[in-house]
4 protein chains.
Amino acid sequence: MSVATVNKPRARDRQATKEALMAAAVTVIAECGYEGATTRAIADAAGCSEALIQRYFNGKEGLLLAILDKEDDRSDAALFLGRPLCSSLAQEAREMLAHSVEKISERSDRIRIVISRALLDEAFKARFNRIWIREDVKSGLESRLARYVYAGMADPDLDIGVAAEMLLSLSFELGFIHRELLQTSPDRTNRLLEQFAEMFGRAISAPLSTGRSVSESGDAPR
Amino acid sequence: MSVATVNKPRARDRQATKEALMAAAVTVIAECGYEGATTRAIADAAGCSEALIQRYFNGKEGLLLAILDKEDDRSDAALFLGRPLCSSLAQEAREMLAHSVEKISERSDRIRIVISRALLDEAFKARFNRIWIREDVKSGLESRLARYVYAGMADPDLDIGVAAEMLLSLSFELGFIHRELLQTSPDRTNRLLEQFAEMFGRAISAPLSTGRSVSESGDAPR
Amino acid sequence: MSVATVNKPRARDRQATKEALMAAAVTVIAECGYEGATTRAIADAAGCSEALIQRYFNGKEGLLLAILDKEDDRSDAALFLGRPLCSSLAQEAREMLAHSVEKISERSDRIRIVISRALLDEAFKARFNRIWIREDVKSGLESRLARYVYAGMADPDLDIGVAAEMLLSLSFELGFIHRELLQTSPDRTNRLLEQFAEMFGRAISAPLSTGRSVSESGDAPR
Amino acid sequence: MSVATVNKPRARDRQATKEALMAAAVTVIAECGYEGATTRAIADAAGCSEALIQRYFNGKEGLLLAILDKEDDRSDAALFLGRPLCSSLAQEAREMLAHSVEKISERSDRIRIVISRALLDEAFKARFNRIWIREDVKSGLESRLARYVYAGMADPDLDIGVAAEMLLSLSFELGFIHRELLQTSPDRTNRLLEQFAEMFGRAISAPLSTGRSVSESGDAPR
DNA sequence: TATGAATGAGTGTTCATTCAT
DNA sequence: GATGAATGAACACTCATTCAT
């Protein structure tokens, strides 16, 4: 009614508003937790009205789901999988781990939110797994490892699938568990990364006589 | 008068009620999430009045903290660390992983609750890490690995600390991430465990010449 | 340009849309109650935009008022009042009641809505009564009854106005209260209608003092 | 924290609070309509906290149901039915109508609320009818009328059940429709009551010859 | 003109917490 | 000490309405 009535009416751009809400939600939830993040706070952060969370996402839960669905990004893995093979398995592991750690860290807020919720909500967990478990990524990784086997660099007796799984596990450990949960410093994470890669290389390298010879000596200590 | 008071459950009840509340809280929170778990539901599950959560734990948050503190259990790691060395590194890894996976699964509810919260609450995360990162466990594990090195079974050039960290990482991956988050089946988890152990053994085994020379000295430490 | 505008539905649509909105409102309100009926649901049912409720009716309340005003339909009562007199008062009552019950049932949704609201909203009730209480209908009915008196068929000592009121009361009872509120079956309603008509006939045809003296003659008519 | 912190903590009397809430609800809903009556306003009027509406009545709807259930009062009809017979049928009708009108007017707020809602809510209507349709009252009334028949004062050929229904209909018309909906003045209501009673008496009195004689003259006026 | 994006005031409801008993 | 009645602040969500396009 008075002069100061100019309440910015926000751009009338449905898509932009939806994205502003999703970005705001990630920020606020990462800070306050899912239930701690009020729709009011999210709307304020997005610079729009609370009601739009209901209209566009069918409520707060829908907003979380939309964030989860956005996690379904096929592009960055493809990027890595398309690169030429490395000169050694250790180097391959190093680059794969480094790539993963970086990608995870870029999306760490979203991942924290989504995993935190998945741990306590069965339905959400199921949906999360449908999106998170990337069989294409795993099989892409297996293909690469298979090429090392073919090149005589990796032990043909090993289960390539398990090796791929181990690499994925280590990347999640370094990129998420250490960095986001245990708060390991970047320096230490990098050192671990280097040495995990080294060890992984040794673990699946074509057997030098060592592995065998040692097992021949097979006497248990003590 | 004084006689009649004997009828009422007294003093010792306090401790029993506290524990009933904590157990109820774990159950209810695991089911509904932390904020989804109402004090009413917890009190009902514990068979007492809501007000006691206030009195005994200084509120709901205090109850969660009490649960976290209970995680600080020094006993089961000690159990494993006290066992005799294995006949091979792969076997050592196998037993360590199996032990961890079992222990984690026994406490999976509490761990899920606590990690879910730690991911989104900085203060809680700090407290969690003070309790969760068990330097004693890690150094115990390093000691065991060192004895394999001393026995010529492990590569003395490798960083024992990193190897221990890798083993811990793999155990968390298998015991928690796969079992609780990714819902990997027990069968597949066991298969992964076997092969991770195998690969870990190869990763840190002594290389060719070294292995031999040390293994010649082959007397078990201790 | 001028040709193209013909493609767009124009001018006459305004009235059609208004009526679509009113019809939709009756349907939706009858189903969900007045406050339960959202403008969105009404607009959807009418196949147009919510904003038109604002533009055309000046808001939701205005839409209700428009519905109420439509109740002001002079035609059907006239229809009945224009018919020739019946051969008996019971028959007159029967036909009048049947006519009313039918008319009420045709408009039962609108009536339910409007009465439900009138019961709890003084202003609305006043407006409702201005429209609902049809003095013309009542006096038309009185005229008819007067003609039965004139014909010697009805007791001239009775208050014709009261008799008309009684007939109107009974028609409302049968047509609305029984059918819409008490959910009396159509069969039972019809049986009541027959006998109410019969009793009404006896009530106003008997000469005053007769009650007792005639009872001495004790033969039942019919 | 300051001096003025003394927020009356209300008597700790569950039953009293429940009744205060129900009374407040009747008042507020009668004034504002069901949906217009906010739980906040009801709680304020009752002098307690909103939360108690949820706790005690399971929400606003439950509060309305509780009000409806209170309508289930067997006592006042019994009062009337226990009285001695009157000297005439007209007098019987007069007293019955007067009694009903008075009882309805005493509870008019509750009845308005409950009927207003029943008109637009099928489930509520069903529940309302289970409580409102008092077969015991109707059969009590029939018994009384039967005694007039036995005394030779009422026509034995008439359907006593229908006569009772008519009386109940007229009482509802006078007591509720006229008084609460049409806002007929008390004076006019009383005049109608007197004459309705008179007419009812004539309607069911033992038959007179008039009926016959008038029907004999059977030519329709006009 | 008609639309639909946007809003803000206000809803019923929840819940950890307090406190008289 | 233990209870449960009571609370108030805060919640997600609704909806009639406004207004730029």
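Proteins get letters first, then strands, A, B, ... in listed order; numbering begins at 1 in each. Just so it is clear, the structure is predicted and the values come from calculations on it, not from any experiment.
Taking the side chain of C/Q54 as heavy atoms from C-beta on, and the options F/dT14, E/dT3, F/dT18, the nearest nucleotide is F/dT18. Checked against E/dA16, F/dT3, E/dA6, the side chain of A/L52 finds its nearest nucleotide in E/dA6. Here the nucleotide nearest the side chain of D/Y56, chosen from F/dT7, F/dA6, F/dC15, is F/dA6.
At a threshold of 4.0 angstrom between heavy atoms, the contacts of A/A41 with the nucleic acid are absent. Among the protein residues, C/S49 comes within range of the nucleic acid bases, having at least one heavy atom under 4.0 Å from a base atom. C/T39 comes within 4.0 angstrom of a base, heavy atoms only. At the heavy-atom level, A/A37 lies under 4.0 Å from the strands shown only through sugar-phosphate atoms.
The residue among A/R55 and D/A51 whose nearest nucleotide of DNA chain F lies closer to the 5′ end is D/A51.
Pair check for F/dC11 finds E/dG12; Watson-Crick or G-U wobble, both atom distances under 3.5 Å. When Watson-Crick and G-U wobble pairs are counted only if both distances are under 3.5 Å, F/dT21 pairs with E/dA2.
With hydrogens and angles ignored, a donor-acceptor pair under 3.5 angstrom links the side chain of A/E50 to the base of F/dC13.
Using a 4.0 Å cut-off between charged side-chain N and carboxylate O, D/K70 and D/E19 make no salt bridge.
Distances shown here put every side-chain N or O of B/R40 at or beyond 4.0 Å from the OP1 or OP2 atom of E/dC15.
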